[in-house]
Student: 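This is the structure, below, for whatever I ask next.
Proteins come first, then strands; the chains are lettered A, B, ... in the order of their sequence lines, and each starts at number 1. Keep in mind the model is a prediction, meaning the values are calculated, not measured.
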Amino acid sequence: MSGDTFLGMPSFPAAAAESTRNRRLRANLSHATRTIREKRARAVAELTDWAELRAAGKAIKDHTLRHLDRYLLQLEAAVTAAGGTVHWAVDAAEANRIVADLVLATGEREVIKVKSMATQEIGLNEALAAEGIAAYETDLAELIVQLGDDRPSHILVPAIHRNREEIREIFAERMAAWGRPAPEDLTDSPAQLAEAARLHLREKFLRAKVAVSGANFMIAETGTLVVVESEGNGRMCLTLPETLISVVGIEKVVPSWRDLEVFLQTLPRSSTAERMNPYTSLWTGTLGPEGDGPSAFHLVLLDNGRTTALADQVGRQALRCIRCSACLNVCPVYERAGGHAYGSVYPGPIGAILTPQLRGTTSEIDASLPFASSLCGACYEVCPVAIDIPEVLVHLREQVAGQGGHRLERAAVKAAGFALDHPGVLAAGERVAGRARGLLPDRLPGPGRGWTDSRDLPDLPGQPFRDWWKKNRSRSRSRSRSRKDSR
Amino acid sequence: MRVALFATCVNDAVYPSTAIATVRLLERLGVEVDFPAGQTCCGQPQFNTGYRRETEPMVRRMARAFAGYEYVVTPSGSCVAMVRDNYPRIGAKAQAERRGSELAEAADALVPRMYELTEFLIDVLGVEDVGAYFPHTVTYHPSCHGLRLLGLGDRPLRLLRAVKGLELVELPRADECCGFGGTFALKNPAVSTAMGDDKVRHALRTGAEVLCGGDNSCLMHLGGLLHRRSAPLRPLHLAEILAATEERPWTEGARTEGARTEGALSVGRGPAKGAAPDGLRNEQSWSGT
Amino acid sequence: MSTGRETVLARIRAAIGAEQGPPVTGPSATGLGLGPGPGTGSSASDPGAGAGSPQADGVTDRLAGRRHEDIPRDYLPVHRDEDPAALLDLLHENLADYRALVHRSTAADLPATVARLLAAHGSRTVAVPADLPPDWLSAAAGVAAVVDDGTLTAVRLDAVDSVLTGCALAVAETGTLVLDAGPAQGRRLLTLVPDHHICVVRAPGQIVASLPRALPRLDPTRPQTWISGPSATSDIELDRVEGVHGPRTLEVVLVTES
């Protein structure tokens, strides 16, 4: 994962300390995530077999990952048989090179894009720009981000950190530099903003010869690709140009056509809280009636760290992710810190387990991500493929704690561990603390400051429970049983 | 029926009143309670911070300390969740690392006997009305591990509703995390505090006198925020409410004093002094300004 | 590029190779006209398959080694009553819920209904696929049909007022119309560029209850567009607004026999 855009990011706690103070951001995120949270719950409650759909989705993905080489080869053969060309990219640089060469070979110098996490992840737009190719984002939220020279902060709604007034401002000020300007009398009504985007992008759709997309699913047995969307920009990109290039992570393959009956029920309800999203496009190579859709189709299969995650038996469940973003929408940490604090195109709970696996945990931001959670479990509860995000977070924390830079913490854990394995020592410590309770300062130094900057400490009791027990109960009971252990 | 109390390290050292209340409550219900002195901590802070190997001695210690008891009861949903969810994982990982099955067996032996207090009261003892008396307005925060990992559901609320004199008011957005999260509170203080502030705001808006919970670690965090702003809301563990009776009502100061002898807690102290809100103010229980 | 391919495959095999467990059977590609993919139904090309390495530990997901056909599918094939009249009502309700304008008509009244909808929209031109049943437009006097002979461009379509098509099928539970470039549907761009789409659904023949009922009736080799209401977006404050790039007005005519 290149993540060039995010190099030099401060650690999550530092970035979040900043963003939690941003009142407008907090208000925007709180409003948006709460809106979708309740709707999702209603949409999911409509299906009495949600638990079974979730179990099936998990099982399909686990099965696929376990036989990923076989299914990718099957996919490659099917796409090729259907008139497409399959490319394999080990990393971001390779994927970007492949796409740039394919575009250059068409003689075109601009492409239209469907929102795609994979191309965000590899920094494709920047790589194309370096080759003199202009890439136009066509998803409304991506357009907002691109025009605002901003960074995405949500998987589904990259501009979730912007409210309607801000979007109006960006459109009014920036659209002209990219093409058709916004109407003079643009207001902040969402319908008018959507209309402005429609007009701005239509000329680009109608003249585009090359499109770049991702895909939500790839079906191994048929070679079919699936793109799920709402606005119709996806249909435009997938249908009108002559050349279509799809960049897709290798974990997006599913074995069979039938498997769609699971994911196309769980994905829309989890992401936009709809029974079904407005548009889903499915295509198989260049098959179909003459003149229907692109005549050239290229599929770029992207690894970029995925095989590293696959090798981790606990961490690999992150590769089940279908990018619905339900975990972001319910996450209390995401809601308050915002997506940018995660320093990755994958923010929120899924980002906190995916990014460190794709990029490693050597940078400050990546090492801090597994700790960016209170482990409240809301993400796991809503995940439509049952990724136990808290389990993976703790698993990754172990990896980080094992790196350098945690010597003091490890020493403290070891010291505590000694006392906790010697109840006599522990009790003595508790008594000393209890007697010295009046001496405890209100504000602690060092790591304790994190607590006392905003919270008072509780008073310590006059005696620990175990002393109360000894005085009031123990003579009659457990003494003999536990004498040996209580040394 | 003989059960072992797992007091938890937090209750042992900081909130003995909760462990004492648990003992009294269970004894009142005819349960013979034991406190195996070999117990210390379930290891959750270490484990959740990434120190799995350092947690292993605690898994062994817990299994050893509670060997032979049919039931192990603890007034902490979070610690039960640690044992139930993570002990088997610790055992499995040790096996995967070819370090034998001892930890896995320790986990297997302990997990099925481990009960959170409200699970034990409702599922094992089959009681909802424990004969408690608590004439105050109470709102309940269902901590995440009890809510989502253990699936306690409405057990705590059923117990609270049966308490004589208690008026239960609903906490808005009760299912949202309070922001404690163990070392999260130290490693990400800004977000932790922002979450806690929202929880406190919702709790204060209920007008309740008492913010009740089943995990003292969450209450320590919320209480710290409340005390910093001198807010008129008293955090209190569910066990302490359920232990209170008309004969032996809950008293101010029980939390901090931790009773030097059995008598000190109850004898010679009347009902909570004064009218409810004043009687429940928390000046004495918290340090700081 | 072949090096990229070999590297990725080698990395995958290194990641999973040791724990692949028993040979698996994938879904068969036969019957889809695409020929079998490599490895389909065969363990011979299954690297590491049957290597007999134990499921090393309890961490390993116990589901992982199972065959594709053994994946538990305990979910429901349908969520509602499959009575045709009930399905028709459910489709109607769900389409309307996502802001499609839904009309009912008998087969005999269809031309009049279409004419009325085009007139109400003020349409003077309507794009149609070459194989549209001729009677559908027979009552639409004053509306010029723009027949797609395969050469209509997006620019030309952008100037057309409406488009009229049939569909492959409709899914009642989700309020979804499926177009697959089959009879009376035309190419994908036809229903994409004009701002007003009238889609005709024949009841009960084209209506199925659910996705599990729909997928077996669809041919993956045909390009498909699944449409559930008019174009929409949730990109502004995660609140749904209708109308972005696709047709902003979707009208559905549910045609019954009598």
Side-chain angles (χ1 to χ4, degrees), chain A residues 32 35-36 49 52-53 56 59-60 62 66-70 73-74 77-78 81 87-90 94 140-141 157 164 190-191 194 198 206 221-222 224 230-233 235-236 239-240 255-257 261 264-265 272 275-276 278 280 282-284 287-289 291-293 303 307 310-311 313, chain C residues 1 4-5 7-9 11-13 15-16 24 26-27 29 32 34-35 37-40 46 59-61 63-64 68 71-76 150 154-155 174 176 181 187-189 192 211-212 215 220-221 223-226 228-229 231-239 241 243-246:
Chain A
T35 303
I36 195 72
D49 57 342
E52 289 79 14
L53 284 165
I60 292 167
D62 280 347
R66 226 32 193 298
H67 307 282
L68 190 57
D69 55 337
R70 210 174 57 79
L73 289 171
Q74 192 185 6
H87 312 258
W88 301 66
V90 171
E94 234 177 77
L140 180 51
V157 193
R164 58 187 74 186
R198 178 185 172 95
L206 296 184
E221 68 170 339
T222 63
T224 307
S230 295
E231 297 169 12
N233 63 307
R235 294 179 65 189
M236 293 279 180
T239 311
L240 300 184
S256 75
W257 177 249
E261 74 189 20
L264 290 181
Q265 290 194 75
T272 48
R275 286 182 204 102
M276 186 63 83
T280 300
L282 306 91
W283 75 98
T284 302
L287 295 180
D292 188 350
D303 179 347
T307 47
L310 185 67
Q313 292 189 17
Chain C
M1 257 172 300
R5 181 178 188 270
T7 307
V8 173
L9 287 170
R11 285 182 181 181
I12 293 170
R13 285 164 188 158
I16 60 175
V24 295
L32 291 162
L34 292 173
T40 304
D46 216 4
V59 180
T60 307
D61 196 309
L63 289 175
H68 183 260
I71 284 169
R73 295 179 190 266
D74 301 326
Y75 51 87
L76 303 171
V155 174
T174 58
T176 302
R187 298 182 297 155
R188 281 176 284 172
L189 83 171
L192 173 61
L211 290 192
L215 284 161
T221 66
Q224 291 173 25
T225 307
W226 296 19
S228 309
S231 160
T233 183
S234 299
D235 279 357
I236 301 166
E237 300 176 6
L238 264 173
D239 214 355
V241 187
V244 197
H245 304 296

Student: So which part of A:Leu140 gets closer than 4.5 Å to some heavy atom of chain C, the side chain, the backbone, both or neither?
Tutor: both
Student: For the pair C:Ser231 and A:Glu231, evaluate side chain to side chain donor-acceptor pair (under 3.5 Å) and give the outcome as yes or no after the intermediate values.
Tutor: CA-CA 5 Å; C:Ser231 160; A:Glu231 297 169 12; over 6 Å; no
Student: For C:Val241, is it the side chain, the backbone, both, or neither that has a heavy atom closer than 4.5 Å to a heavy atom of chain A?
Tutor: side chain
Student: Based on non-hydrogen pairs under 4.5 Å, which of A:Gln265, A:Met236, A:Arg198 is most in contact with chain C?
Tutor: A:Arg198
Student: Select one option (side chain, backbone, both, neither) describing which atoms of C:Thr176 are under 4.5 Å from chain A's heavy atoms.
Tutor: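 Looking at C:Thr176, just its side chain touches chain A.
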Student: Can you find a heavy atom in the side chain of A:Asp62 that is under 4.5 Å from one in the side chain of C:Ile71?
Tutor: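 A side-chain contact is absent here, since even the closest heavy-atom pair is not under 4.5 Å.
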Student: Evaluate C:His68 against A:Ser256 for side-chain contact (heavy atoms from CB on, under 4.5 Å), listing each step before the verdict.
Tutor: CA-CA 9 Å; C:His68 183 260; A:Ser256 75; 3.4 Å; yes
Student: Which value, rounded to the nearest 0.5 Å, describes the distance between C:Leu76 atom CG and A:Leu53 atom CG?
Tutor: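 C:Leu76 CG to A:Leu53 CG: 7.5 Å, rounded to 0.5 Å.
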Student: Hey, is the main chain of C:Tyr75 close enough, under 3.5 Å, to the side chain of A:Asp49 for a donor-acceptor pair?
Tutor: no
Student: Hey, does the side chain of C:Arg188 reach the backbone of A:Arg235 with a donor-acceptor pair shorter than 3.5 angstrom?
Tutor: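 Pair absent, no side-chain N/O of C:Arg188 close to backbone of A:Arg235.
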Student: Give a yes or no answer on whether the side chain of C:Arg5 reaches the backbone of A:Trp88 with a donor-acceptor pair at less than 3.5 Å.
Tutor: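 No.
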Student: Starting at CD of A:Glu94, measure out to OG1 of C:Thr7 and round the result to the nearest 0.5 Å.
Tutor: 7.0 Å
Student: Counting heavy-atom pairs under 4.5 Å with chain C, which one of A:Leu282, A:Thr239, A:Val157 comes out on top?
Tutor: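 It is A:Leu282.
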Student: Under a 4.5 Å cut-off applied to non-hydrogen side-chain atoms, are C:Glu237 and A:Thr35 in contact?
Tutor: no
Student: Return the option, out of A:Gly288, A:Pro278, A:Gly232, A:Ala32, with the maximum number of heavy-atom pairs under 4.5 Å with chain C.
Tutor: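 Heavy-atom pair counts peak at A:Pro278.
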Student: Check whether A:Trp257 reaches the backbone of C:Leu215 with its side chain - one donor and one acceptor, N or O, closer than 3.5 Å.
Tutor: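 Yes: the side chain of A:Trp257 pairs with the backbone of C:Leu215.
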Student: Is A:Ala89 in contact with chain C via its backbone, its side chain, both, or neither, using a 4.5 Å heavy-atom distance?
Tutor: backbone
Student: Using a 4.5 Å cut-off on heavy atoms from C-beta on, say whether the side chain of A:Asp69 contacts that of C:Arg11.
Tutor: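 When only atoms from C-beta onward are counted, A:Asp69 and C:Arg11 do not touch, as no gap falls below 4.5 Å.
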Student: Do C:Ile16 and A:Leu310 make a side-chain contact, defined as non-hydrogen atoms from C-beta onward lying under 4.5 Å apart?
Tutor: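 A side-chain contact under 4.5 Å exists here.
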Student: Could you grab the distance from atom CE of A:Met276 to atom OG1 of C:Thr174, nearest 0.5 Å is fine?
Tutor: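 Between A:Met276 CE and C:Thr174 OG1, I get 4.0 Å after rounding to 0.5 Å.
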Student: Quick one: of C:Pro212, C:Ala154, C:Ala181, C:Gly243, who has the most non-hydrogen atom pairs under 4.5 Å with chain A?
Tutor: C:Pro212
Student: Measuring only between side-chain heavy atoms, which start at C-beta, is C:Thr221 closer than 4.5 Å to A:Thr222?
Tutor: no
Student: I need the residue from C:Leu189, C:Val155, C:Leu9 with the largest number of non-hydrogen atom pairs under 4.5 Å to chain A.
Tutor: C:Leu9
Student: Heavy atoms only, distances under 4.5 angstrom: which of C:Thr233, C:Leu192, C:Thr225 has the most pairs with chain A? Name it, please.
Tutor: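 That would be C:Leu192.
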Student: Just verifying a value: how many Å separate A:Thr224 OG1 and C:Gln224 CD, rounded to the nearest 0.5 Å?
Tutor: 8.0 Å
